[in-house]
Amino acid sequence: MRTLLLWCPDWPVLAAEIVEGVPATDPVAVLHANRVVACSERARAEGVRRGLRRREAQGRCPQLTVVDHDPGRDARAFEPVVAAVEELVAGVEVVRPGSCAVAARGPVRYLGGEEVAAERIVEHVAQTCAVESQVGIADGVFAAGLAARSGRVVPPGGTPEFLAALPVEALGRPALADLLRRLGVRTLADFAALPAGDVLARFGFDGALAHRLAAGRDHRPLAVRQPPVDLAVTAGYDEPLDRVDAAAFAARALAEQLHDRLAGHGLACTRLGIEAVTAHGQELHRVWRHDGLLTAAAIADRVRWQLDGWLSGSNGRAGGRAARPTAGIIRLRLVPDGVIAQAGLQPGLWGEAGEERERAHRALSRVQGILGPEAVVTAVLGGGRSPADQVRLVPWGDERLPARPGQSGSLGQSGSSGQGAQAGRGRSGRAARSPRAAGRSAGRVEPPWPGQLPPPAPAVVLAQPLAATVHDNAGEPVVVSARLQLSAAPARLTVGTGRPAEIVGWAGPWPVDERWWAPAEARRRARFQVCLADGAALLLAVEAGQWLVEAIYD
(Lines give C-alpha, C1' and ligand atoms only; values in the text may rest on other atoms or scores of the structure.)
Protein backbone atom coordinates (compact mmCIF):
# COMPACT_ATOMS: atom_id res chain seq x y z
CA MET A 1 0.00 0.00 0.00
CA ARG A 2 1.25 3.43 -0.92
CA THR A 3 1.93 5.01 2.47
CA LEU A 4 2.59 8.55 3.68
CA LEU A 5 4.45 8.73 7.01
CA LEU A 6 5.06 11.80 9.12
CA TRP A 7 8.12 11.72 11.39
CA CYS A 8 9.12 14.21 14.09
CA PRO A 9 12.89 14.04 14.70
CA ASP A 10 14.05 13.62 18.31
CA TRP A 11 10.49 13.35 19.55
CA PRO A 12 11.32 12.30 23.14
CA VAL A 13 13.36 15.51 23.45
CA LEU A 14 10.55 17.62 21.98
CA ALA A 15 8.03 15.93 24.28
CA ALA A 16 10.19 16.84 27.28
CA GLU A 17 10.18 20.44 26.08
CA ILE A 18 6.41 20.49 25.53
CA VAL A 19 5.47 18.85 28.84
CA GLU A 20 8.31 19.74 31.21
CA GLY A 21 9.76 22.89 29.62
CA VAL A 22 13.24 21.44 28.95
CA PRO A 23 14.73 23.59 26.12
CA ALA A 24 15.23 21.33 23.11
CA THR A 25 17.80 23.76 21.69
CA ASP A 26 20.18 22.91 24.55
CA PRO A 27 22.20 19.70 24.83
CA VAL A 28 19.53 17.27 26.03
CA ALA A 29 19.58 13.48 26.30
CA VAL A 30 16.73 11.14 27.16
CA LEU A 31 17.87 8.09 29.11
CA HIS A 32 16.31 4.68 29.67
CA ALA A 33 18.07 1.97 31.70
CA ASN A 34 21.08 4.32 32.01
CA ARG A 35 21.51 4.52 28.22
CA VAL A 36 20.74 7.32 25.78
CA VAL A 37 17.63 6.62 23.68
CA ALA A 38 17.31 10.10 22.13
CA CYS A 39 19.28 13.34 22.13
CA SER A 40 19.02 16.86 20.76
CA GLU A 41 20.94 18.25 17.80
CA ARG A 42 23.36 20.19 20.02
CA ALA A 43 24.04 17.06 22.04
CA ARG A 44 24.90 15.16 18.84
CA ALA A 45 27.24 17.96 17.86
CA GLU A 46 29.09 17.33 21.14
CA GLY A 47 29.45 13.63 20.36
CA VAL A 48 26.46 12.21 22.21
CA ARG A 49 24.94 9.21 20.45
CA ARG A 50 22.14 6.73 21.10
CA GLY A 51 23.24 3.77 23.15
CA LEU A 52 25.88 5.62 25.18
CA ARG A 53 25.90 5.18 28.93
CA ARG A 54 25.07 8.17 31.05
CA ARG A 55 28.60 8.69 32.37
CA GLU A 56 30.13 8.50 28.88
CA ALA A 57 27.53 10.90 27.45
CA GLN A 58 28.18 13.42 30.23
CA GLY A 59 31.91 13.01 29.72
CA ARG A 60 31.53 14.02 26.07
CA CYS A 61 29.14 16.87 26.92
CA PRO A 62 29.52 18.14 30.54
CA GLN A 63 26.62 20.59 30.17
CA LEU A 64 24.26 17.82 29.06
CA THR A 65 20.70 17.97 30.47
CA VAL A 66 19.49 14.47 31.31
CA VAL A 67 15.77 13.57 31.15
CA ASP A 68 14.23 10.23 32.11
CA HIS A 69 12.42 8.33 29.39
CA ASP A 70 8.61 8.50 29.81
CA PRO A 71 6.52 6.79 27.08
CA GLY A 72 3.32 8.24 28.57
CA ARG A 73 4.69 11.76 28.27
CA ASP A 74 5.71 11.13 24.66
CA ALA A 75 2.26 9.80 23.76
CA ARG A 76 0.39 12.68 25.45
CA ALA A 77 2.53 15.30 23.74
CA PHE A 78 2.09 13.61 20.33
CA GLU A 79 -1.72 13.58 20.50
CA PRO A 80 -2.09 17.24 19.25
CA VAL A 81 0.16 16.41 16.28
CA VAL A 82 -2.04 13.43 15.34
CA ALA A 83 -5.12 15.62 15.71
CA ALA A 84 -3.55 18.22 13.39
CA VAL A 85 -2.86 15.54 10.75
CA GLU A 86 -6.43 14.29 11.06
CA GLU A 87 -7.68 17.78 10.20
CA LEU A 88 -6.32 17.22 6.66
CA VAL A 89 -6.49 13.45 6.18
CA ALA A 90 -8.48 10.54 7.59
CA GLY A 91 -7.43 7.09 8.74
CA VAL A 92 -4.24 7.89 10.66
CA GLU A 93 -2.25 5.12 12.36
CA VAL A 94 0.10 6.07 15.21
CA VAL A 95 3.20 3.96 14.60
CA ARG A 96 4.84 5.20 17.82
CA PRO A 97 5.02 8.58 19.59
CA GLY A 98 6.63 10.90 17.06
CA SER A 99 5.57 8.96 13.98
CA CYS A 100 2.21 8.38 12.29
CA ALA A 101 1.20 6.94 8.91
CA VAL A 102 -1.73 7.20 6.55
CA ALA A 103 -2.70 5.62 3.24
CA ALA A 104 -1.40 8.06 0.62
CA ARG A 105 -4.12 7.55 -1.99
CA GLY A 106 -6.74 9.76 -0.34
CA PRO A 107 -4.68 12.84 0.55
CA VAL A 108 -2.75 12.65 -2.73
CA ARG A 109 -5.94 12.77 -4.82
CA TYR A 110 -7.54 15.40 -2.59
CA LEU A 111 -4.53 17.72 -2.24
CA GLY A 112 -3.22 17.33 -5.80
CA GLY A 113 -0.12 15.14 -5.74
CA GLU A 114 2.26 13.37 -3.38
CA GLU A 115 4.76 16.20 -2.96
CA VAL A 116 1.98 18.75 -2.51
CA ALA A 117 0.31 16.57 0.12
CA ALA A 118 3.59 16.14 2.00
CA GLU A 119 4.24 19.90 2.00
CA ARG A 120 0.71 20.71 3.14
CA ILE A 121 0.84 18.29 6.05
CA VAL A 122 4.28 19.46 7.22
CA GLU A 123 3.21 23.10 7.00
CA HIS A 124 -0.07 22.47 8.83
CA VAL A 125 1.65 20.64 11.69
CA ALA A 126 4.21 23.43 12.00
CA GLN A 127 1.53 26.15 12.11
CA THR A 128 -0.83 24.27 14.42
CA CYS A 129 1.58 22.63 16.87
CA ALA A 130 4.86 24.53 16.34
CA VAL A 131 6.58 21.21 15.68
CA GLU A 132 9.05 20.47 12.90
CA SER A 133 8.40 17.28 10.97
CA GLN A 134 9.35 15.41 7.81
CA VAL A 135 7.25 13.27 5.49
CA GLY A 136 8.26 10.23 3.51
CA ILE A 137 6.16 8.39 0.91
CA ALA A 138 6.86 4.84 -0.24
CA ASP A 139 5.27 1.43 -0.73
CA GLY A 140 4.70 0.28 2.86
CA VAL A 141 5.09 1.69 6.35
CA PHE A 142 8.66 0.46 6.86
CA ALA A 143 9.99 2.01 3.65
CA ALA A 144 8.00 5.23 4.22
CA GLY A 145 9.56 5.56 7.68
CA LEU A 146 13.07 5.30 6.24
CA ALA A 147 12.15 7.72 3.46
CA ALA A 148 10.87 10.23 6.04
CA ARG A 149 14.34 10.39 7.62
CA SER A 150 15.53 12.19 4.48
CA GLY A 151 12.17 13.65 3.42
CA ARG A 152 12.04 11.58 0.23
CA VAL A 153 9.18 10.54 -2.01
CA VAL A 154 10.02 7.12 -3.40
CA PRO A 155 8.44 6.54 -6.83
CA PRO A 156 5.76 3.84 -7.06
CA GLY A 157 7.42 0.46 -7.54
CA GLY A 158 10.84 1.82 -6.56
CA THR A 159 10.76 0.74 -2.93
CA PRO A 160 12.94 -2.43 -3.32
CA GLU A 161 15.57 -0.38 -5.13
CA PHE A 162 15.40 2.32 -2.44
CA LEU A 163 15.90 -0.22 0.33
CA ALA A 164 18.59 -2.24 -1.43
CA ALA A 165 21.53 0.05 -0.65
CA LEU A 166 20.63 0.64 3.00
CA PRO A 167 22.70 -1.11 5.70
CA VAL A 168 21.17 -3.91 7.75
CA GLU A 169 21.14 -1.58 10.79
CA ALA A 170 18.13 0.13 9.16
CA LEU A 171 16.00 -2.84 10.27
CA GLY A 172 16.12 -1.50 13.84
CA ARG A 173 17.26 -4.86 15.27
CA PRO A 174 20.79 -4.40 16.66
CA ALA A 175 21.33 -8.05 17.62
CA LEU A 176 20.21 -9.32 14.21
CA ALA A 177 22.24 -6.66 12.40
CA ASP A 178 25.39 -7.61 14.33
CA LEU A 179 24.90 -11.29 13.48
CA LEU A 180 24.28 -10.53 9.82
CA ARG A 181 27.43 -8.41 9.68
CA ARG A 182 29.49 -11.28 11.07
CA LEU A 183 27.94 -13.57 8.44
CA GLY A 184 28.93 -11.14 5.66
CA VAL A 185 25.43 -9.75 5.01
CA ARG A 186 25.84 -5.98 5.03
CA THR A 187 22.95 -4.45 3.05
CA LEU A 188 19.23 -5.00 2.91
CA ALA A 189 19.63 -6.25 -0.68
CA ASP A 190 22.00 -8.98 0.51
CA PHE A 191 19.57 -9.96 3.25
CA ALA A 192 16.52 -9.92 0.92
CA ALA A 193 18.35 -12.23 -1.55
CA LEU A 194 18.53 -15.05 1.04
CA PRO A 195 15.91 -17.85 0.75
CA ALA A 196 12.95 -17.16 2.99
CA GLY A 197 12.86 -20.72 4.34
CA ASP A 198 16.53 -20.63 5.36
CA VAL A 199 16.03 -17.26 7.08
CA LEU A 200 13.10 -18.62 9.06
CA ALA A 201 15.03 -21.74 10.09
CA ARG A 202 18.15 -19.76 11.10
CA PHE A 203 16.76 -16.56 12.60
CA GLY A 204 13.23 -17.48 13.67
CA PHE A 205 9.99 -15.61 13.21
CA ASP A 206 11.41 -12.15 13.91
CA GLY A 207 14.18 -12.73 11.39
CA ALA A 208 11.61 -13.81 8.79
CA LEU A 209 9.63 -10.63 9.46
CA ALA A 210 12.78 -8.53 9.00
CA HIS A 211 13.46 -10.43 5.78
CA ARG A 212 10.05 -9.40 4.40
CA LEU A 213 10.69 -5.76 5.35
CA ALA A 214 14.09 -5.81 3.67
CA ALA A 215 12.42 -6.96 0.46
CA GLY A 216 9.92 -4.10 0.62
CA ARG A 217 6.92 -6.17 1.72
CA ASP A 218 5.02 -5.04 4.81
CA HIS A 219 3.73 -7.73 7.18
CA ARG A 220 0.35 -6.07 7.82
CA PRO A 221 -1.91 -3.34 6.44
CA LEU A 222 -2.37 0.01 8.15
CA ALA A 223 -4.34 -0.09 11.39
CA VAL A 224 -6.05 3.24 11.04
CA ARG A 225 -7.13 5.17 14.13
CA GLN A 226 -10.75 6.14 14.54
CA PRO A 227 -10.94 9.69 15.92
CA PRO A 228 -12.96 9.81 19.13
CA VAL A 229 -16.49 11.01 18.66
CA ASP A 230 -17.40 14.24 20.43
CA LEU A 231 -20.44 13.18 22.43
CA ALA A 232 -20.72 16.24 24.68
CA VAL A 233 -23.63 18.64 24.17
CA THR A 234 -23.53 22.35 24.93
CA ALA A 235 -26.17 25.05 25.13
CA GLY A 236 -25.73 28.79 25.54
CA TYR A 237 -28.33 31.19 26.93
CA ASP A 238 -28.72 34.88 26.16
CA GLU A 239 -30.60 35.43 29.41
CA PRO A 240 -28.68 34.01 32.40
CA LEU A 241 -30.50 31.17 34.18
CA ASP A 242 -30.95 32.23 37.79
CA ARG A 243 -34.24 30.45 38.59
CA VAL A 244 -34.57 26.75 39.26
CA ASP A 245 -37.65 26.29 37.06
CA ALA A 246 -35.97 27.87 34.03
CA ALA A 247 -32.85 25.79 34.62
CA ALA A 248 -34.94 22.61 34.90
CA PHE A 249 -36.60 23.30 31.54
CA ALA A 250 -33.21 23.88 29.89
CA ALA A 251 -31.78 20.76 31.53
CA ARG A 252 -34.50 18.49 30.14
CA ALA A 253 -33.97 19.67 26.55
CA LEU A 254 -30.20 19.27 26.80
CA ALA A 255 -30.52 15.83 28.46
CA GLU A 256 -32.74 14.55 25.65
CA GLN A 257 -30.24 15.84 23.10
CA LEU A 258 -27.39 14.00 24.85
CA HIS A 259 -29.40 10.79 25.12
CA ASP A 260 -30.31 10.90 21.41
CA ARG A 261 -26.66 11.44 20.46
CA LEU A 262 -25.53 8.50 22.57
CA ALA A 263 -28.29 6.27 21.21
CA GLY A 264 -27.24 7.14 17.68
CA HIS A 265 -23.80 5.63 18.40
CA GLY A 266 -25.22 2.62 20.26
CA LEU A 267 -23.90 3.88 23.60
CA ALA A 268 -25.28 4.52 27.08
CA CYS A 269 -23.98 6.77 29.83
CA THR A 270 -22.91 5.55 33.26
CA ARG A 271 -21.04 8.63 34.48
CA LEU A 272 -22.18 12.16 33.65
CA GLY A 273 -20.16 15.35 33.89
CA ILE A 274 -22.14 18.59 34.33
CA GLU A 275 -20.33 21.84 33.56
CA ALA A 276 -21.73 25.34 33.86
CA VAL A 277 -20.35 28.84 33.27
CA THR A 278 -21.91 31.90 34.89
CA ALA A 279 -22.18 35.42 33.52
CA HIS A 280 -19.23 36.42 35.73
CA GLY A 281 -17.02 33.71 34.27
CA GLN A 282 -17.31 31.35 37.24
CA GLU A 283 -16.92 27.70 36.20
CA LEU A 284 -18.82 24.95 38.00
CA HIS A 285 -18.25 21.23 37.56
CA ARG A 286 -19.66 18.06 39.10
CA VAL A 287 -19.56 14.36 38.07
CA TRP A 288 -22.51 12.03 38.73
CA ARG A 289 -22.13 8.25 38.82
CA HIS A 290 -24.80 5.64 38.35
CA ASP A 291 -24.70 1.86 38.78
CA GLY A 292 -26.99 1.26 35.80
CA LEU A 293 -27.59 3.03 32.50
CA LEU A 294 -28.73 6.64 32.56
CA THR A 295 -31.93 7.14 30.58
CA ALA A 296 -33.00 10.50 29.19
CA ALA A 297 -35.22 11.09 32.23
CA ALA A 298 -32.42 10.07 34.61
CA ILE A 299 -29.98 12.44 32.91
CA ALA A 300 -32.52 15.27 33.07
CA ASP A 301 -33.19 14.60 36.75
CA ARG A 302 -29.53 14.71 37.68
CA VAL A 303 -28.91 17.89 35.74
CA ARG A 304 -31.96 19.48 37.36
CA TRP A 305 -30.88 18.40 40.84
CA GLN A 306 -27.39 19.71 40.28
CA LEU A 307 -28.62 23.07 38.98
CA ASP A 308 -31.00 23.23 41.93
CA GLY A 309 -28.07 22.61 44.28
CA TRP A 310 -26.00 25.33 42.62
CA LEU A 311 -28.71 27.98 42.25
CA SER A 312 -30.20 27.35 45.70
CA GLY A 313 -26.88 27.27 47.55
CA SER A 314 -26.12 29.32 50.64
CA ASN A 315 -24.31 32.61 50.83
CA GLY A 316 -21.17 30.83 51.99
CA ARG A 317 -21.65 31.25 55.74
CA ALA A 318 -20.35 28.52 58.01
CA GLY A 319 -22.74 25.64 58.41
CA GLY A 320 -24.64 26.43 55.22
CA ARG A 321 -24.69 24.56 51.96
CA ALA A 322 -22.30 25.19 49.10
CA ALA A 323 -22.02 28.86 48.15
CA ARG A 324 -24.33 29.80 45.28
CA PRO A 325 -22.93 31.39 42.08
CA THR A 326 -22.61 35.15 41.96
CA ALA A 327 -24.51 35.32 38.64
CA GLY A 328 -26.85 33.29 36.45
CA ILE A 329 -25.72 30.45 34.18
CA ILE A 330 -25.07 31.38 30.56
CA ARG A 331 -23.61 28.11 29.28
CA LEU A 332 -24.37 24.50 30.19
CA ARG A 333 -22.42 21.48 28.98
CA LEU A 334 -23.09 17.77 29.51
CA VAL A 335 -20.14 15.40 29.08
CA PRO A 336 -20.67 11.58 29.06
CA ASP A 337 -17.61 10.80 31.14
CA GLY A 338 -18.27 7.05 31.15
CA VAL A 339 -20.00 5.24 28.26
CA ILE A 340 -20.64 1.57 27.50
CA ALA A 341 -22.31 -0.29 24.67
CA GLN A 342 -26.08 -0.07 24.95
CA ALA A 343 -27.32 -3.61 25.39
CA GLY A 344 -30.81 -2.67 26.56
CA LEU A 345 -32.45 -3.10 29.96
CA GLN A 346 -33.98 -6.44 30.86
CA PRO A 347 -37.51 -5.97 32.28
CA GLY A 348 -38.80 -8.21 35.04
CA LEU A 349 -41.53 -10.82 34.71
CA TRP A 350 -43.99 -8.70 36.74
CA GLY A 351 -43.19 -5.19 35.55
CA GLU A 352 -40.11 -3.04 35.24
CA ALA A 353 -36.98 -4.42 36.88
CA GLY A 354 -35.68 -2.47 39.85
CA GLU A 355 -38.50 0.09 40.03
CA GLU A 356 -38.10 0.56 43.80
CA ARG A 357 -34.36 0.56 43.44
CA GLU A 358 -34.54 3.30 40.83
CA ARG A 359 -36.79 5.35 43.11
CA ALA A 360 -34.21 5.05 45.88
CA HIS A 361 -31.49 6.01 43.43
CA ARG A 362 -33.35 9.14 42.45
CA ALA A 363 -33.94 10.20 46.05
CA LEU A 364 -30.37 9.64 47.20
CA SER A 365 -28.92 11.23 44.08
CA ARG A 366 -31.02 14.32 44.67
CA VAL A 367 -29.67 14.61 48.20
CA GLN A 368 -26.17 14.36 46.76
CA GLY A 369 -26.94 17.15 44.32
CA ILE A 370 -27.93 19.44 47.18
CA LEU A 371 -25.40 18.47 49.86
CA GLY A 372 -22.51 17.07 47.82
CA PRO A 373 -21.27 13.57 46.87
CA GLU A 374 -19.87 12.80 50.33
CA ALA A 375 -23.21 13.49 52.04
CA VAL A 376 -24.64 10.07 51.10
CA VAL A 377 -22.42 7.07 51.78
CA THR A 378 -22.86 3.30 51.96
CA ALA A 379 -20.85 0.77 53.93
CA VAL A 380 -18.65 -1.82 52.24
CA LEU A 381 -17.26 -4.77 54.18
CA GLY A 382 -13.64 -5.72 53.71
CA GLY A 383 -10.72 -7.23 55.57
CA GLY A 384 -9.29 -6.15 58.91
CA ARG A 385 -8.82 -7.26 62.49
CA SER A 386 -11.28 -4.92 64.20
CA PRO A 387 -14.91 -4.10 63.26
CA ALA A 388 -13.95 -0.51 62.49
CA ASP A 389 -11.19 -1.65 60.10
CA GLN A 390 -13.58 -3.90 58.18
CA VAL A 391 -16.00 -1.13 57.19
CA ARG A 392 -15.34 1.39 54.44
CA LEU A 393 -17.78 4.21 53.63
CA VAL A 394 -18.02 5.08 49.93
CA PRO A 395 -20.12 7.84 48.32
CA TRP A 396 -23.40 6.70 46.78
CA GLY A 397 -22.84 5.73 43.15
CA ASP A 398 -19.09 5.01 43.48
CA GLU A 399 -17.69 1.52 43.01
CA ARG A 400 -18.29 -0.58 46.11
CA LEU A 401 -14.83 -2.07 46.49
CA PRO A 402 -13.37 -3.13 49.86
CA ALA A 403 -10.36 -1.21 51.08
CA ARG A 404 -8.65 -4.46 52.13
CA PRO A 405 -8.98 -8.01 50.77
CA GLY A 406 -10.69 -10.74 52.72
CA GLN A 407 -14.33 -10.41 53.73
CA SER A 408 -14.85 -13.79 55.35
CA GLY A 409 -13.18 -15.03 58.46
CA SER A 410 -13.41 -17.23 61.50
CA LEU A 411 -11.98 -17.24 64.96
CA GLY A 412 -8.70 -15.33 65.11
CA GLN A 413 -6.08 -17.92 65.87
CA SER A 414 -3.06 -15.70 66.32
CA GLY A 415 -2.05 -12.11 66.53
CA SER A 416 0.29 -10.67 63.94
CA SER A 417 3.13 -11.46 66.36
CA GLY A 418 2.32 -15.17 66.17
CA GLN A 419 0.98 -15.55 69.71
CA GLY A 420 -1.57 -18.30 70.20
CA ALA A 421 -5.10 -17.27 71.15
CA GLN A 422 -6.44 -18.31 74.51
CA ALA A 423 -9.52 -20.47 74.62
CA GLY A 424 -12.69 -18.62 75.61
CA ARG A 425 -13.62 -19.15 79.24
CA GLY A 426 -16.90 -18.35 80.98
CA ARG A 427 -18.20 -18.22 84.51
CA SER A 428 -21.21 -20.12 83.30
CA GLY A 429 -22.04 -22.21 80.27
CA ARG A 430 -24.25 -19.48 78.85
CA ALA A 431 -21.35 -17.67 77.20
CA ALA A 432 -20.31 -20.78 75.31
CA ARG A 433 -23.88 -21.31 74.08
CA SER A 434 -24.45 -17.67 73.08
CA PRO A 435 -23.72 -16.38 69.57
CA ARG A 436 -21.06 -14.11 71.07
CA ALA A 437 -18.72 -17.08 71.35
CA ALA A 438 -19.55 -18.51 67.93
CA GLY A 439 -16.87 -19.38 65.46
CA ARG A 440 -14.88 -21.80 67.57
CA SER A 441 -15.79 -25.01 65.81
CA ALA A 442 -12.96 -27.06 64.40
CA GLY A 443 -12.38 -27.28 60.68
CA ARG A 444 -12.93 -23.58 59.96
CA VAL A 445 -10.73 -22.09 57.26
CA GLU A 446 -8.14 -19.74 58.68
CA PRO A 447 -9.14 -16.12 58.16
CA PRO A 448 -7.12 -13.91 55.81
CA TRP A 449 -6.42 -11.55 58.74
CA PRO A 450 -4.80 -13.24 61.79
CA GLY A 451 -6.36 -11.92 64.96
CA GLN A 452 -9.69 -11.19 63.27
CA LEU A 453 -12.81 -11.37 65.43
CA PRO A 454 -15.00 -14.47 65.10
CA PRO A 455 -18.49 -14.10 63.64
CA PRO A 456 -21.16 -12.89 64.09
CA ALA A 457 -20.19 -9.28 63.46
CA PRO A 458 -21.40 -6.63 65.94
CA ALA A 459 -24.48 -4.65 64.94
CA VAL A 460 -23.19 -1.22 66.08
CA VAL A 461 -19.56 -0.12 65.89
CA LEU A 462 -18.92 2.95 68.03
CA ALA A 463 -17.15 5.81 66.32
CA GLN A 464 -15.38 6.60 69.60
CA PRO A 465 -14.85 3.70 72.03
CA LEU A 466 -16.30 4.24 75.50
CA ALA A 467 -14.07 4.00 78.56
CA ALA A 468 -15.07 1.23 80.95
CA THR A 469 -13.89 -0.65 84.02
CA VAL A 470 -14.17 -4.38 84.74
CA HIS A 471 -14.15 -5.78 88.28
CA ASP A 472 -14.10 -9.28 89.71
CA ASN A 473 -16.34 -10.71 92.46
CA ALA A 474 -14.13 -9.17 95.15
CA GLY A 475 -14.49 -5.69 93.63
CA GLU A 476 -10.90 -5.59 92.37
CA PRO A 477 -10.11 -4.36 88.82
CA VAL A 478 -9.49 -7.15 86.34
CA VAL A 479 -6.02 -6.92 84.78
CA VAL A 480 -4.68 -8.69 81.67
CA SER A 481 -1.00 -9.57 81.86
CA ALA A 482 1.54 -9.46 79.04
CA ARG A 483 1.05 -13.22 78.68
CA LEU A 484 -2.72 -12.70 78.28
CA GLN A 485 -3.53 -14.08 81.72
CA LEU A 486 -6.48 -12.51 83.59
CA SER A 487 -6.03 -11.61 87.24
CA ALA A 488 -9.58 -12.89 87.91
CA ALA A 489 -12.80 -13.76 86.10
CA PRO A 490 -14.77 -10.66 85.04
CA ALA A 491 -17.90 -10.15 87.17
CA ARG A 492 -19.11 -6.56 86.78
CA LEU A 493 -18.81 -3.94 84.02
CA THR A 494 -19.11 -0.19 84.46
CA VAL A 495 -19.31 1.98 81.30
CA GLY A 496 -18.25 5.56 81.92
CA THR A 497 -20.15 6.99 84.92
CA GLY A 498 -23.04 4.53 84.60
CA ARG A 499 -24.18 1.90 87.04
CA PRO A 500 -22.32 -1.43 87.26
CA ALA A 501 -23.85 -4.32 85.29
CA GLU A 502 -23.38 -7.99 86.10
CA ILE A 503 -21.43 -10.06 83.56
CA VAL A 504 -23.12 -13.44 83.12
CA GLY A 505 -20.87 -14.80 80.39
CA TRP A 506 -17.67 -13.87 78.63
CA ALA A 507 -15.23 -15.19 76.01
CA GLY A 508 -11.67 -14.26 75.12
CA PRO A 509 -9.11 -12.90 75.06
CA TRP A 510 -8.28 -12.58 71.35
CA PRO A 511 -4.90 -10.87 71.10
CA VAL A 512 -3.76 -8.52 68.35
CA ASP A 513 -0.16 -7.30 68.15
CA GLU A 514 0.11 -4.96 65.16
CA ARG A 515 3.20 -3.39 63.61
CA TRP A 516 5.47 -4.60 66.38
CA TRP A 517 8.46 -3.92 64.11
CA ALA A 518 7.76 -0.14 64.16
CA PRO A 519 7.78 1.07 67.79
CA ALA A 520 6.17 4.40 66.92
CA GLU A 521 3.20 2.65 65.24
CA ALA A 522 3.01 -0.51 67.36
CA ARG A 523 -0.36 -1.37 68.94
CA ARG A 524 -1.08 -4.31 71.25
CA ARG A 525 -4.52 -5.10 72.62
CA ALA A 526 -6.85 -7.98 73.52
CA ARG A 527 -10.59 -8.31 72.88
CA PHE A 528 -13.37 -9.90 74.91
CA GLN A 529 -17.01 -10.64 74.25
CA VAL A 530 -19.27 -10.29 77.29
CA CYS A 531 -22.95 -10.94 78.00
CA LEU A 532 -24.67 -8.79 80.65
CA ALA A 533 -27.54 -9.69 82.94
CA ASP A 534 -29.90 -7.32 81.09
CA GLY A 535 -29.37 -9.25 77.84
CA ALA A 536 -26.89 -6.83 76.24
CA ALA A 537 -23.77 -8.17 74.53
CA LEU A 538 -20.67 -6.02 74.10
CA LEU A 539 -17.28 -6.19 72.47
CA LEU A 540 -14.57 -5.04 74.88
CA ALA A 541 -10.92 -4.31 74.31
CA VAL A 542 -8.14 -3.73 76.80
CA GLU A 543 -5.18 -1.66 75.66
CA ALA A 544 -2.41 -0.23 77.85
CA GLY A 545 -4.40 -1.28 80.91
CA GLN A 546 -7.56 0.60 79.83
CA TRP A 547 -10.84 -1.22 79.13
CA LEU A 548 -12.90 0.10 76.21
CA VAL A 549 -16.31 -0.70 74.71
CA GLU A 550 -15.76 -0.99 70.94
CA ALA A 551 -19.05 -2.38 69.62
CA ILE A 552 -22.51 -3.64 70.57
CA TYR A 553 -24.15 -6.91 69.46
CA ASP A 554 -27.84 -7.39 68.73
Side-chain angles (χ1 to χ4, degrees), residues 230-263 267-340 342 354 357-378 393-400:
D230 185 11
L231 300 173
V233 295
T234 307
Y237 309 101
D238 296 333
E239 294 292 331
L241 303 177
D242 52 5
R243 300 195 326 271
V244 176
D245 56 347
F249 179 79
R252 179 164 297 278
L254 199 60
E256 292 178 354
Q257 181 181 349
L258 174 62
H259 186 267
D260 293 342
R261 178 171 296 186
L262 291 172
L267 301 173
C269 182
T270 60
R271 193 167 60 249
L272 175 67
I274 304 174
E275 302 174 359
V277 179
T278 67
H280 290 172
Q282 183 181 3
E283 296 183 0
L284 308 172
H285 179 74
R286 179 65 56 83
V287 176
W288 287 76
R289 293 175 176 84
H290 185 61
D291 289 341
L293 305 180
L294 289 171
T295 62
I299 295 174
D301 287 342
R302 281 151 180 80
V303 178
R304 175 169 53 85
W305 297 336
Q306 187 58 61
L307 294 177
D308 188 5
W310 280 335
L311 298 177
S312 302
S314 71
N315 56 7
R317 292 177 295 182
R321 296 182 293 177
R324 64 179 301 172
T326 57
I329 295 174
I330 60 172
R331 186 164 68 251
L332 187 61
R333 186 167 184 257
L334 304 183
V335 182
D337 194 33
V339 294
I340 60 175
Q342 170 65 280
R357 182 172 178 270
E358 178 62 24
R359 189 179 300 115
H361 266 287
R362 292 161 62 90
L364 295 176
S365 299
R366 181 168 187 179
V367 175
Q368 279 186 319
I370 298 175
L371 302 180
E374 305 295 334
V376 182
V377 295
T378 58
L393 298 178
V394 298
W396 177 260
D398 284 7
E399 290 186 281
R400 293 171 49 83

With rounding to the nearest 0.5 angstrom, report the CG to CZ distance, Leu241 to Phe249.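 That separation rounds to 11.0 Å.
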
Where do [X] and [Y] come nearest, in terms of heavy atoms and distance?
| X | Y | value |
| --- | --- | --- |
| Trp310 | His285 | CZ2-N, 3.8 Å |
| Leu332 | Ala276 | CD1-CB, 4.1 Å |
| Ala255 | Ile299 | CB-CG2, 3.5 Å |
| Asp238 | Pro240 | O-CD, 3.6 Å |

Output all residues satisfying side-chain contact (heavy atoms from CB on, under 4.5 Å) with [X], sequence neighbours left out; order by chain, then residue number.
| X | result |
| --- | --- |
| Ala251 | Val303, Leu307 |
| Ala327 | Thr278, Ala279, His280 |
| Ala235 | Tyr237, Leu254 |

Quick check on side-chain contact (heavy atoms from CB on, under 4.5 Å): which of Leu262, Leu272, Val233 does Pro336 satisfy it with?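 The single option meeting the side-chain contact (heavy atoms from CB on, under 4.5 Å) with Pro336 is Leu262.
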
Tell me, yes or no, whether the heavy-atom count around Arg261 atom CZ, taken from other residues, nucleotides or ligands under 6.0 Å, exceeds 12.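 Yes.
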
Scan for salt bridge (Lys or Arg N to Asp or Glu O under 4.0 Å) pairs involving residues 275-285, sequence neighbours excluded, and state none if there are none.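 For residues 275-285: Glu275-Arg333.
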
List the residues meeting salt bridge (charged side-chain N to carboxylate O under 4.0 Å, His left out) with Arg304, not counting sequence neighbours, and say none if there are none.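 Listed in chain order: Asp301.
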
Sequence neighbours left out, what passes side chain to side chain donor-acceptor pair (under 3.5 Å) with Arg331? Give chain and number order.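 Expected list: none.
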
Within the side chain of Arg271, is there an N or O that forms a donor-acceptor pair under 3.5 Å with the backbone of Val287?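 No, Arg271 side chain to Val287 backbone: no donor-acceptor pair under 3.5 Å.
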
